[in-house]
Amino acid sequence: MTAKQLSRVVPMTEDETAREQTSTRPVLALPSNVIALQSTDRREKLRIVEALLFAASEPLEEAVLAQHFGEGEDVRALLEELQGIYAGRGVNLVRVSGKWAFRTADDLSFLLEKQAVEQRRLSRAALETLAIIAYHQPVTRAEIEEIRGVSTSKGTIDVLLETGWIKLRGRRRAPGRPVTYGTTASFLEHFGFDQIQDLPGLNELKGAGLLDSSLPPGFSMPNPDDAANLREDEDPLEDEAADEPLSDGRSLSDLAARG
């Protein structure tokens, strides 16, 4: 390019630059099918939540996660967004017993069968007792036997206490002041329930073939409630009452501490 040509180009470029600076371009809205990128700050918050949950040895409450953020941070929104991100992956973010944890996707559980630790199977009596406690809590041993129609051995209750799935709640305000039982957070975590109200209802149990289709007229199932507060007909469990020996020599207070 010659010097003469350059002298012509430069002024034109400067004029165009001036016009660009003086003109105001309208800001166009994003189309409906385009989503604005998240800010780096929000992506960092999601990474923090992800790291905390991944490293935790047990499900975490939202309040625990909130301690790592400023006041007023919507931790629930972060968790739900992260849950959506992991929805189609091999590991899902799920809520169990009111807490959050990563779990293997249900449809891939068969891949881990060989690595799974073989668990001791509960007896039918123990399973029936556990189901009665879950649905009818707070319930006493005598009430369990009345519902089952057969006596319940002391060892059956001991086994369920050892698993940590049931706990001692209090004492019924009745003759003999029998101990009342209820389920624990470990019960919800093991069976994958967020709350006790997620237990299957009458129609679901019928559909699964777990209940006889010819039930007596007026048959109904209670609404399970595992509220920690004692009922009007319950008294607190005294320390000395919990020292009653179990079949293996330990005391009820030893196992109650695990609930």
Side-chain angles (χ1 to χ4, degrees), residues 96-97 109 113 116-193 195-228 230-231 233-234 237 241-259:
V96 291
S97 186
S109 59
E113 289 180 355
V117 178
E118 184 177 356
Q119 302 290 338
R120 184 177 61 177
R121 299 178 68 88
L122 291 178
S123 65
R124 179 173 180 177
L127 289 174
E128 290 177 355
T129 300
L130 178 61
I132 292 172
I133 293 174
Y135 281 95
H136 294 267
Q137 60 185 304
V139 62
T140 65
R141 180 178 168 183
E143 291 166 344
I144 294 172
E145 293 176 343
E146 182 180 356
I147 295 172
R148 290 188 65 215
V150 295
S151 61
T152 301
S153 68
K154 196 167 183 295
T156 299
I157 298 292
D158 293 352
V159 169
L160 294 176
L161 286 169
E162 289 175 359
T163 63
W165 294 345
I166 69 170
K167 65 181 178 181
L168 307 175
R169 284 179 50 94
R171 284 192 175 274
R172 181 81 73 208
R173 293 180 182 175
R177 303 184 67 241
V179 174
T180 57
Y181 300 95
T183 56
T184 66
S186 296
F187 169 83
L188 296 176
E189 292 174 10
H190 180 84
F191 291 97
F193 296 120
Q195 53 188 352
I196 200 67
Q197 289 75 17
D198 292 336
L199 285 172
L202 182 60
N203 293 332
E204 293 173 292
L205 292 175
K206 282 184 178 179
L210 299 176
L211 283 180
D212 191 345
S213 58
S214 57
L215 293 173
F219 179 85
S220 62
M221 294 184 62
N223 295 322
D225 183 8
D226 60 354
L230 296 178
R231 306 288 178 84
D233 59 349
E234 288 182 290
L237 188 68
D243 289 331
E244 179 184 350
L246 300 175
S247 57
D248 59 1
R250 290 175 296 172
S251 66
L252 291 174
S253 58
D254 295 334
L255 296 177
R258 299 178 57 182

Chemist: Nearest heavy-atom pair of P178 and P175: which atoms, and what distance?
Modeler: CD-O, 3.9 Å

Chemist: Is it the case that the side chain of S97 and the backbone of L188 share a donor-acceptor pair, with hydrogens and angles ignored and the cut-off at 3.5 Å?
Modeler: no

Chemist: Write down the atom of R169, the atom of L237, and the distance for their closest heavy-atom approach.
Modeler: O-CB, 4.3 Å

Chemist: For I132 and R148, work out which heavy atoms get closest and say how close.
Modeler: CD1-CG, 3.1 Å

Chemist: Okay, side chain of Q137, backbone of A134: is any donor-acceptor separation there less than 3.5 Å?
Modeler: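 Yes; judged by distance alone, with no hydrogens or angles, the pair exists.
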
Chemist: How many angstroms lie between atom CD1 of I147 and atom CD1 of I133, to the nearest 0.5 angstrom?
Modeler: 10.0 Å

Chemist: Using only atom types and a distance under 3.5 Å, with no angle test, would you say the side chain of R141 pairs donor to acceptor with the backbone of T152?
Modeler: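 Flag set: sc R141 to bb T152 pair under 3.5 Å.
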
Chemist: Does the side chain of T129 reach to within under 4.5 Å of the side chain of I166, using non-hydrogen atoms?
Modeler: no

Chemist: Give me the atom names and distance for the closest heavy-atom approach of T180 to R171.
Modeler: OG1-N, 4.2 Å

Chemist: About how many Å separate CZ of R172 and CG of L230, when rounded to the nearest 0.5 Å?
Modeler: 10.5 Å

Chemist: Return the minimal non-hydrogen interatomic distance between E143 and T140, and the atom names on each side.
Modeler: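 Residues E143 and T140, closest heavy atoms: OE1-N, 2.8 Å.
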
Chemist: Can you tell if the side chain of I196 reaches within under 4.5 Å of the side chain of F187, non-hydrogen atoms only?
Modeler: yes

Chemist: Tell me, do R173 and E234 make a side-chain contact under 4.5 Å, heavy atoms counted?
Modeler: no

Chemist: Taking G201's backbone N and O only, do any of them form a donor-acceptor pair with E204's side chain (distance below 3.5 Å, no angle check)?
Modeler: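 It does hold such a pair.
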
Chemist: To the nearest 0.5 Å, what is the distance between CG (L160) and OG1 (T183)?
Modeler: 11.5 Å

Chemist: For M221 and P200, work out which heavy atoms get closest and say how close.
Modeler: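 The pair with the smallest heavy-atom distance is CE-O, 4.4 Å.
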
Chemist: Under the side-chain contact (heavy atoms from CB on, under 4.5 Å) criterion, do I157 and I144 qualify, and how do the steps go?
Modeler: CA-CA 11 Å; I157 298 292; I144 294 172; 4.3 Å; yes

Chemist: Answer yes or no: are there more than 12 heavy-atom neighbours, outside E146 itself, under 6.0 Å from its atom CD?
Modeler: no

Chemist: In terms of the angle between their ring planes, are F193 and F191 parallel, tilted or perpendicular, with boundaries placed at 30° and 60°?
Modeler: parallel

